[in-house]
Trainee: 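Questions regarding the structure given below will be posed in turn.
Below, each value reflects all heavy atoms present in this structure, side chains not excepted, and no hydrogens, waters or symmetry copies. A quick note: this is a predicted structure, and the numbers were derived from the prediction, not measured.
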Amino acid sequence: EFRRVLFRSTRKVNLEFVAKRLRGEIEALARVICINLDCSLQKPEGLPIAEVDSQFDELKSKWAELNTTLAEIARLEEELS
């Protein structure tokens, strides 16, 4: 029982670090996307849409990973309480 609790606690801490990393990566991507779509910096026809599209795909992937991670953290918290 102790080993199982220790494993779950360790797993939860690791997932919390993953969530923190993902939040930072998502924030950075969102900032870059906003800058790339800023029409005060360049004309609409000059916007790097292909690059932003790729960045947005990466953003969606990280967002999905974050939500999966948060769900796993919540499940572990419930098991540990």
Trainee: More than 12 non-hydrogen atoms from neighbouring residues, nucleotides or ligands closer than 6.0 Å to CZ on Arg11, yes or no?
Mentor: no
Trainee: Going by salt bridge (Lys or Arg N to Asp or Glu O under 4.0 Å), name the residues that satisfy it together with Lys20, two or more places apart in sequence or in a different chain.
Mentor: none
Trainee: Can you tell me how far apart CZ (Arg8) and CD (Glu77) are? Round to the nearest 0.5 Å.
Mentor: 13.5 Å
Trainee: If you define the side chain from C-beta out and look only at heavy atoms, does anything of Val5 sit under 4.5 Å from Ser9?
Mentor: yes
Trainee: May I ask you to decide whether Glu72 forms a salt bridge with Arg75, counting only side-chain N to carboxylate O separations under 4.0 Å?
Mentor: yes
Trainee: Any sub-3.5 Å donor-acceptor pair from Ser61's side-chain atoms to Asp57's backbone N or O?
Mentor: no
Trainee: Would you please name every residue forming a salt bridge (Lys or Arg N to Asp or Glu O under 4.0 Å) with Glu27, sequence neighbours left out?
Mentor: none
Trainee: Tell me, please, which residues at least two apart from Ser54 pass side-chain contact (heavy atoms from CB on, under 4.5 Å).
Mentor: none
Trainee: Under 4.5 Å between side-chain heavy atoms, chaining through other members, with only Ile, Leu, Val, Met, Phe, Trp and Tyr counted: pull out the rest of the cluster around Trp63, sorted by chain and number.
Mentor: Leu15, Val18, Leu22, Ile26, Leu29, Ile33, Leu37, Leu47, Ile49, Val52, Phe56, Leu59, Leu66, Leu70, Ile73, Leu76
Trainee: My understanding is that only residues two or more places apart in sequence, or in another chain, count here; which of them pass salt bridge (Lys or Arg N to Asp or Glu O under 4.0 Å) with Arg23?
Mentor: none
Trainee: Any chance you could pull the hydrophobic cluster mates of Val13, using side-chain heavy atoms under 4.5 angstrom and chaining through other members?
Mentor: Phe17
